[in-house]
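Here the structure is a predicted model, which means the values were calculated and not measured.
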2 protein chains.
Amino acid sequence: MTSLGSIDDIENSGVAMAGIEDVARAAGVSTATVSRALNGNPHVSEPTRKRVADAAAALGYVVSSNASSLASGRTKNIGAVVPHLNRWFFSSVIEGAERALLRRGYDLTLYNLSGSGDERRTVFENHLLRKRVDAVIAVSLELTEAEVGRLIALGKPLVGVGGPLPGVRTLTIDDRAVAKLATDHLIALGHRRIAHIGGDKEFDLDFHIPTNRRMGYQQALDEAGIPLQPALFQTADFTIAGGYRAAKQLLGAPRDRPTAIFAASDEMAIGSILAARDLGLSVPRDISIAGVDDHELADFFQLTTVAQFPDRQGELAVEVLMQALEPAPTPDALPEHDASATIPVPYQLVVRNSTSRPLDTA
Amino acid sequence: MTSLGSIDDIENSGVAMAGIEDVARAAGVSTATVSRALNGNPHVSEPTRKRVADAAAALGYVVSSNASSLASGRTKNIGAVVPHLNRWFFSSVIEGAERALLRRGYDLTLYNLSGSGDERRTVFENHLLRKRVDAVIAVSLELTEAEVGRLIALGKPLVGVGGPLPGVRTLTIDDRAVAKLATDHLIALGHRRIAHIGGDKEFDLDFHIPTNRRMGYQQALDEAGIPLQPALFQTADFTIAGGYRAAKQLLGAPRDRPTAIFAASDEMAIGSILAARDLGLSVPRDISIAGVDDHELADFFQLTTVAQFPDRQGELAVEVLMQALEPAPTPDALPEHDASATIPVPYQLVVRNSTSRPLDTA
DNA sequence: GTGAAAGCGCTAACAC
DNA sequence: GTGTTAGCGCTTTCAC
């Protein structure tokens with residue numbers, strides 16, 4: 001089983017793994033020069049660089065990241081903490097971040113910080129805080145001030161995605177503006193009885209996302225001179241099942257049924273579509289429904305939504321970190337932000353077939 | 001920003017990070033003993049062990065994983081390669097593996113090997129193959145023989161999840177048995193016209209999953225003496241949208257419509273349910289539908305399915321690796337398997353409301 | 001049961 | 001532009 005006789009063996013001819021000294025010998029230079037050449041240090045002549053690169057390739061040399069990290073203090077590894085993995089938003093952010101990191105030769109190690117007890121502390125102390133990662137990306141995770149402070153004291157750059165962290169740069173959509181946009185879309189279509197399905201207060205993964213989206217919704221109504229009606233507000237847990245239940249409440253009312261629903265997430269919006277169907281209502285003829293996310297199922301359900309781009313957010317988070325980790329030659333690559341600012345990320349209204357003019361407006 | 005005045009400061013009183021020497025001094029022992037005590041080496045007296053542990057705790061000492069790895073050759077980090085992250089199966093496996101690893105003090109570094117070109121090679125050569133990971137978990141990913149061979153030659157344990165890898169221990173459900181079970185369930189209910197939605201041949205992430213499930217389906221029909229009808233077979237891409245389209249084909253037929261559908265995944269089964277509804281058919285009255293997975297949406301759609309437990313599969317994969325990485329005191333902790341065997345994992349029929357007796361049988 | 005000391009394989013001063 | 005060399009912070013023989 002040791003040799004499968006593949007073409008790869010050619011590169012792997014030596015019995016033991018080649019070290020930097022083997023490369024140095026083969027290239028006729030010192031180990032210092034090998035290190036410099038391979039790390040893109042500018043003070044190496046082009047011919048030397050090439051000789052080293054060739055020798056390294058011929059020997060199948062790859063640096064030992066441990067030795068390198070130990071000597072340099074950099075691990076080329078970043079930690080990502082998430083509260084869950086199998087939800088669309090989180091896994092998309094991680095996918096985007098991972099892609100961006102790989103491109104730069106970094107690794108991504110994943111920490112699922114769901115348990116908030118001892119386990120969380122262990123991860124924090126033993127993994128994140130120490131020499132395993134150069135920086136951390138916190139996805140929709142509320143870190144305590146103490147946690148943030150220790151990371152910063154250790155000089156580890158930290159960036160948040162999906163919600164503001166105290167004193168930390170965070171990438172997030174403007175939840176309020178997003179909600180207002182969706183609601184405005186409904187208002188512009190002629191709707192006046194617009195319900196809202198927000199997030200449960202106890203939904204602890206987020207920051208003030210439910211509140212902010214509700215405020216955007218209210219603001220849109222305000223500006224249109226539409227009075228707020230408590231009966232048109234429900235909360236759920238951001239899932240399809242939750243949205244389904246909430247929408248049943250909203251749509252089952254015998255009178256003064258809303259003509260439109262703005263759900264704070266696509267999954268809840270999809271639940272609403274299914275609830276409407278089960279009640280014999282046609283979407284969008286009897287009821288218009290809009291969400292937020294552009295979830296992978298949004299297209300299938302022809303859902304009008306405000307898209308956010310979590311994978312792009314993950315990539316952006318990496319760019320922010322790289323700015324701190326590897327000061328660019330041109331320091332104005334990205335516009336500078338406050339160390340503790342919220343960095344807005346793009347969003348976009350995607351109109352599909354779940355919204356239209358209300359019937360009684362015709 | 002350096003001090004947030006939290007209680008954590010108590011533990012972190014020193015300005016610089018405590019090293020093993022600080023602990024040694026505080027405990028009045030040598031660094032060698034500190035190392036031994038902290039790593040559970042049996043040749044340390046109980047009092048000494050306690051003094052060291054206390055000193056370490058008081059100083060907030062945590063080993064530098066790089067230094068430790070460099071000296072010991074073990075990284076306490078395992079690599080997980082996946083073709084995608086934001087699909088239920090993959091993210092669940094990773095979540096399970098991550099949980100099991102954390103418990104043992106290991107990290108999980110994630111590699112998205114979707115690009116199959118140069119990027120893939122880079123990941124392989126520069127990350128997986130070298131001193132960054134002690135072992136690797138390959139989730140539903142077809143590694144080439146050369147790739148597998150090199151990993152093994154380097155002594156890195158490798159375990160697959162979700163599909164057989166050449167010469168590698170792999171955890172996977174018995175796809176054929178699972179499909180047969182689902183189909184048998186339908187047959188037992190009295191169905192004879194049972195359609196199957198399988199996976200596209202081009203669906204390259206898998207191994208022979210579509211084929212194996214189809215064979216299980218056929219075998220069940222065979223044994224029941226039900227002739228196979230090509231018209232009752234469709235393929236799709238394992239998604240809701242794909243299942244929807246395939247089911248429309250199956251159910252739109254003006255005559256000889258199937259009374260049941262066995263879809264090779266829950267997502268396709270859910271798509272089928274939605275297609276049936278759109279065609280005015282009632283599930284399960286007019287059409288019974290069964291899937292495979294027990295996807296998070298299965299319960300909401302009241303889908304009868306054969307559950308597999310991907311998070312458990314991830315945990316199991318970790319256990320298999322640990323057996324190789326950290327030979328247990330009692331070597332019979334887990335039943336021994338062939339180094340290259342397929343390890344079957346549990347599955348279970350979950351009957352909900354999407355299946356019932358066919359109408360014309362009553 | 002414990003200590004002394006030799007590396008692990010690199011990188012980064014510092015020379016030249 | 002390149003070489004010499006001193007560590008990085010641990011683990012692990014080898015003594016005792």
Side-chain angles (χ1 to χ4, degrees), chain A residues 14 16-53 55-56 59-77 105 126 129-132 134 154-155 326, chain B residues 14 16-53 55-56 59-77 105 126 129-132 134 154-155 326:
Chain A
M17 206 144 45
I20 197 172
E21 249 170 300
D22 301 305
V23 179
R25 212 172 301 122
V29 297
S30 71
T31 60
T33 298
V34 172
S35 175
R36 284 190 279 251
L38 262 22
N39 289 309
N41 183 312
H43 299 295
V44 179
S45 73
E46 213 31 73
T48 305
R49 183 186 306 285
K50 176 141 182 31
R51 279 215 320 287
V52 170
L59 292 167
Y61 170 78
V62 177
V63 325
S64 153
S65 52
N66 289 314
S68 170
S69 300
L70 186 56
S72 70
R74 277 172 271 104
T75 66
K76 287 253 179 189
N77 183 30
N126 293 204
L129 235 35
R130 299 302 161 159
K131 318 239 44 159
R132 305 187 93 127
D134 289 339
L154 281 169
E326 306 184 337
Chain B
M17 202 143 51
I20 197 172
E21 246 168 302
D22 302 305
V23 179
R25 212 172 302 125
V29 296
S30 71
T31 60
T33 298
V34 173
S35 175
R36 284 190 277 251
L38 263 22
N39 289 309
N41 183 311
H43 299 294
V44 179
S45 73
E46 212 32 71
T48 306
R49 183 186 305 287
K50 174 140 182 32
R51 279 216 319 288
V52 170
L59 292 167
Y61 170 77
V62 177
V63 322
S64 154
S65 52
N66 289 313
S68 169
S69 300
L70 184 56
S72 70
R74 277 171 269 107
T75 67
K76 287 254 180 188
N77 184 30
N126 292 204
L129 235 34
R130 300 302 161 157
K131 318 238 43 159
R132 303 188 95 127
D134 289 339
L154 281 169
E326 306 184 338

query: For DNA chain C, whose closest nucleotide is more 5', that of B:Arg49 or that of B:Ala71?
result: B:Arg49
Whole Å only: how far is the [atom1] atom of [X] from the [atom2] atom of [N]?
| X | N | atom1 | atom2 | result |
| --- | --- | --- | --- | --- |
| B:Asn41 | D:dC10 | CG | C1' | 15 Å |
| A:Leu70 | C:dG9 | CG | C1' | 9 Å |
| B:Leu38 | C:dT2 | CG | C1' | 15 Å |
| A:Arg51 | D:dG1 | CZ | P | 14 Å |
| A:Arg132 | D:dC8 | CZ | P | 21 Å |
| A:Ile20 | D:dT5 | CD1 | P | 16 Å |
| A:Leu59 | C:dG9 | CG | P | 15 Å |
| B:Lys50 | C:dG1 | NZ | C1' | 19 Å |

message: Looking at the base of C:dG3, is there any donor atom on it, or on the side chain of B:Arg36, that sits under 3.5 Å from an acceptor on the other one?
response: yes
May I ask you to evaluate whether [X] reaches the phosphate of [N], defined as a side-chain N or O under 4.0 Å from OP1 or OP2?
| X | N | value |
| --- | --- | --- |
| B:Thr48 | C:dT2 | yes |
| A:Ser35 | C:dT11 | yes |
| B:Thr33 | C:dG3 | yes |
| A:Ser30 | D:dG3 | yes |
| A:Ser68 | C:dG9 | no |
| B:Ser45 | C:dT2 | yes |

Looking for any heavy atom pair under 4.0 Å, which part of the strands does [X] touch: base, sugar-phosphate only, or nothing?
| X | value |
| --- | --- |
| A:Ser69 | nothing |
| A:Ser65 | nothing |
| A:Asn39 | sugar-phosphate |
| B:Arg74 | sugar-phosphate |

- prompt: So, B:Ser68 and B:Ser65: side-chain donor and acceptor under 3.5 Å apart, yes or no?
  reply: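 No pair is found: no donor N or O on one side chain lies under 3.5 Å from an acceptor on the other.
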message: A side-chain contact here means heavy atoms from C-beta on lying under 4.5 Å apart; do A:Arg132 and B:Lys76 qualify?
response: yes
query: Do B:Thr48 and B:Val29 touch side chain to side chain, with heavy atoms closer than 4.5 Å?
result: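 A side-chain contact under 4.5 Å exists here.
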message: The side chain of B:Ser72 is closest to which nucleotide in this list: D:dT12, C:dC10, D:dG9?
response: D:dT12
- request: Please confirm whether the backbone N or O of B:Asn41 pairs with a side-chain atom of B:Asn39, one donor and one acceptor, at under 3.5 Å?
  value: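 The answer is no, because no donor-acceptor pair under 3.5 Å joins these two groups.
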Closest non-hydrogen atom pair, B:Ser30 against B:Ala24: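 The answer is C-CB, 3.8 Å.
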query: So which heavy atom on A:Thr31 is nearest to which on A:Glu21, and how close?
result: CG2-CG, 3.7 Å
- line: Comparing nearest nucleotides in DNA chain D, the 5'-proximal residue of the pair B:Ala67, B:Ala32 is B:Ala67
